[in-house]
S.K.: 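Let me begin by handing over the structure; questions about it come next.
Only this structure's heavy atoms are used, side chains among them; waters, hydrogens and symmetry mates stay out.
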2 protein chains.
Amino acid sequence: MDRTETPCGLDVALLVIGGKWKPLILFHVQDGPTRFSEIRRRVGGVSEKVLIQQLRDLVEMNVLLRRDHHRVPPVVDYALTPFGETLVTALAPLCEWGTVNRERVSAMRESTAMERNALVG
Amino acid sequence: MDRTETPCGLDVALLVIGGKWKPLILFHVQDGPTRFSEIRRRVGGVSEKVLIQQLRDLVEMNVLLRRDHHRVPPVVDYALTPFGETLVTALAPLCEWGTVNRERVSAMRESTAMERNALVG
DNA sequence: GATAGAACCTACCAAAAGGTAAGGGTAAAA
DNA sequence: TTTTACCCTTACCTTTTGGTAGGTTCTATC
């Protein structure tokens with residue numbers, strides 16, 4: 001059977017998880033509702049601005065639920081929606097693939113970078 | 001168990017499939033070696049420049065194999081490597097997820113876009 | 001009284017990614 | 001003989017994305 005006619009759903013998936021930090025966010029939120037500052041600490045390396053952007057995108061897509069506890073100073077946490085859970089489930093094999101092949105991939109990236117530098121120098 | 005210490009492999013996976021057309025390319029190549037022009041037709045909407053860029057990235061990453069048949073006018077095709085096959089396998093659930101949720105996701109994107117426009121206008 | 005921490009927002013800037021338009025060298029088809 | 005198709009390449013430009021640095025409002029703590 002020819003797959004030319006059956007469009008691939010990966011474009012849809014990437015609409016949702018496309019963004020430098022979104023996969024990591026999903027990963028670090030899957031154990032339960034997590035506060036903003038805690039996500040920031042766990043993800044590591046994100047600026048607040050970008051974190052909020054990506055969190056908002058995920059909330060808009062109904063992947064995450066934002067809960068404002070209406071306290072001051074603010075208390076807000078984010079949790080997976082049922083829809084978000086299906087996404088995380090679908091993401092699991094890819095996550096595992098990445099974990100298994102981390103070394104391999106980063107080694108390849110380094111070697112090709114070296115080749116490029118050799119051509120330049 | 002706390003996942004804070006076990007890094008998520010999704011960042012690695014996105015290094016490989018990150019790029020507007022890469023998932024689609026992988027999808028359209030999985031039935032066997034495919035010629036450049038055929039990939040271009042199947043993917044649809046890519047410029048030659050970008051297609052070649054992404055194909056080269058995938059070749060560098062050892063996901064695809066480029067075979068030059070040394071004819072003129074040129075005959076070149078691209079096929080999945082064994083490594084690439086493992087990636088496609090890991091990608092399958094996400095692909096299915098996207099297919100199942102295509103309507104839902106595009107509906108959400110449209111509604112939030114409408115909200116934004118309403119705020120502007 | 002100064003400071004730190006919570007969860008953001010805003011203006012501005014840099015880098016990366018993608019897109020457009022043109023060309024190139026060959027051979028077969030029209 | 002002009003056109004078409006093949007698989008690219010290059011120069012240039014626009015869009016998207018991400019990052020920096022500052023500010024805000026409030027409370028609890030030192």
Side-chain angles (χ1 to χ4, degrees), chain A residues 10-11 14-26 28-29 33-61 64-79 109 112-113 116-117 119-120, chain B residues 10-11 13-26 28-29 33-61 64-79 109 112-113 115-117 119-120:
Chain A
L10 286 170
D11 55 333
L14 285 184
L15 283 178
V16 181
I17 60 157
K20 187 164 175 183
W21 306 99
K22 284 183 194 149
L24 263 359
I25 293 171
L26 260 30
H28 285 295
V29 145
T34 312
R35 293 185 63 173
F36 176 83
S37 52
E38 180 61 24
I39 297 174
R40 180 149 152 68
R41 268 187 296 269
R42 288 192 193 166
V43 169
V46 221
S47 68
E48 291 191 336
K49 183 201 124 188
V50 172
L51 218 208
I52 286 173
Q53 278 177 351
Q54 314 238 325
L55 284 171
R56 260 208 308 249
D57 288 346
L58 291 169
V59 169
E60 271 185 6
M61 290 298 213
L64 291 185
L65 180 69
R66 178 182 186 274
R67 301 191 310 178
D68 187 338
H69 294 254
H70 300 291
R71 292 213 215 101
V72 62
V75 175
V76 174
D77 61 29
Y78 295 84
R109 282 176 60 82
T112 61
R116 269 192 288 274
N117 291 339
L119 289 175
V120 170
Chain B
L10 287 171
D11 55 332
L14 285 183
L15 283 178
V16 180
I17 60 158
K20 187 164 175 183
W21 306 100
K22 284 181 194 149
L24 263 358
I25 293 171
L26 260 29
H28 286 295
V29 144
T34 311
R35 294 186 63 175
F36 176 84
S37 51
E38 180 60 25
I39 297 175
R40 180 149 152 69
R41 270 187 295 269
R42 286 189 194 168
V43 170
V46 221
S47 68
E48 291 190 334
K49 183 201 124 188
V50 173
L51 217 209
I52 286 173
Q53 278 178 353
Q54 313 238 327
L55 284 170
R56 261 209 306 251
D57 288 347
L58 291 170
V59 169
E60 270 185 5
M61 289 299 213
L64 291 185
L65 181 67
R66 177 181 186 274
R67 302 192 307 178
D68 187 339
H69 295 254
H70 300 292
R71 291 212 216 101
V72 62
V75 175
V76 174
D77 60 30
Y78 295 84
R109 282 175 61 81
T112 59
E115 285 167 27
R116 268 191 290 273
N117 291 338
L119 288 175
V120 170

S.K.: For the CD1 atom of I39(B) and the CG atom of L51(B), what is their distance to the nearest 0.5 Å?
M.R.: 6.5 Å
S.K.: What verdict does the salt bridge (Lys or Arg N to Asp or Glu O under 4.0 Å) test give for R56(B) and E60(B), after you've listed the backbone C-alpha separation in whole Å, the side-chain angles of each residue and the deciding distance to 0.1 Å?
M.R.: CA-CA 6 Å; R56(B) 261 209 306 251; E60(B) 270 185 5; 6.0 Å; no
S.K.: Yes or no on side chain to side chain contact (heavy atoms under 4.5 Å, CB included) for F36(A) and L55(A), after CA distance, side-chain angles and deciding distance?
M.R.: CA-CA 9 Å; F36(A) 176 83; L55(A) 284 171; 3.7 Å; yes
S.K.: Is R66(A) close enough to dC8(C) that one of its side-chain N or O atoms is under 4.0 Å from OP1 or OP2 there?
M.R.: yes
S.K.: Find the distance H70(B):NE2 to dC8(D):C1' and express it as a whole number of Å.
M.R.: 15 Å
S.K.: For R56(B) and dC8(D), give me the distance from atom CZ to atom P, rounded to whole Å.
M.R.: 9 Å
S.K.: Dot-bracket for DNA chain C, 5' to 3', counting Watson-Crick or G-U wobble pairs under 3.5 Å, with [ ] for crossing pairs and | for inter-strand pairs?
M.R.: ||||||||||||||||||||||||||||||
S.K.: Does a nitrogen or oxygen in the side chain of R71(A) sit under 4.0 Å from OP1 or OP2 of dG5(C)?
M.R.: no
S.K.: In whole angstroms, how far is the C1' atom of dC6(D) from the CD1 atom of I52(B)?
M.R.: 11 Å
S.K.: Does dC7(D) have OP1 or OP2 under 4.0 Å away from a side-chain N or O of S37(B)?
M.R.: yes
S.K.: By the 4.0 Å heavy-atom rule, please label R35(B) as base, sugar-phosphate, or nothing.
M.R.: sugar-phosphate
S.K.: Taking any heavy-atom pair under 4.0 Å as a contact, classify R40(A): base, sugar-phosphate, or nothing.
M.R.: nothing
S.K.: State the CG-CE distance between L58(B) and M61(B), to the nearest 0.5 angstrom.
M.R.: 8.5 Å
S.K.: Distance from L10(A) atom CG to I17(B) atom CD1, nearest 0.5 Å?
M.R.: 6.5 Å
S.K.: L55(A) CG to dC8(C) P: how many Å, rounded?
M.R.: 8 Å
S.K.: Which distance, rounded to the nearest 0.5 Å, do you find between the NZ of K22(A) and the CG of D57(A)?
M.R.: 4.0 Å
S.K.: Determine, for nucleotides 11-30 of chain D in 5'-to-3' order, which nucleotides have protein heavy atoms under 4.0 Å from the base (write B), from only the sugar-phosphate (write S), or from neither (write -).
M.R.: B------BBB-----BS---
S.K.: Please report the interatomic distance CZ(R40(B)) to OG1(T34(B)), rounded to the nearest 0.5 Å.
M.R.: 15.5 Å
S.K.: When you measure from the side-chain N and O atoms of Y78(A) to the phosphate of dC8(C), is any distance below 4.0 Å, counting only OP1 and OP2?
M.R.: yes
S.K.: Knowing that exactly one of H69(A), R35(A), R66(A) qualifies, which makes a side chain to side chain donor-acceptor pair (under 3.5 Å) with D77(A)?
M.R.: H69(A)
S.K.: What's the separation between atom CH2 in W21(B) and atom CD in Q53(B), rounded to the nearest 0.5 Å?
M.R.: 13.0 Å
S.K.: Round to the nearest Å and state the distance from E38(A) atom CD to dA7(C) atom C1'.
M.R.: 14 Å
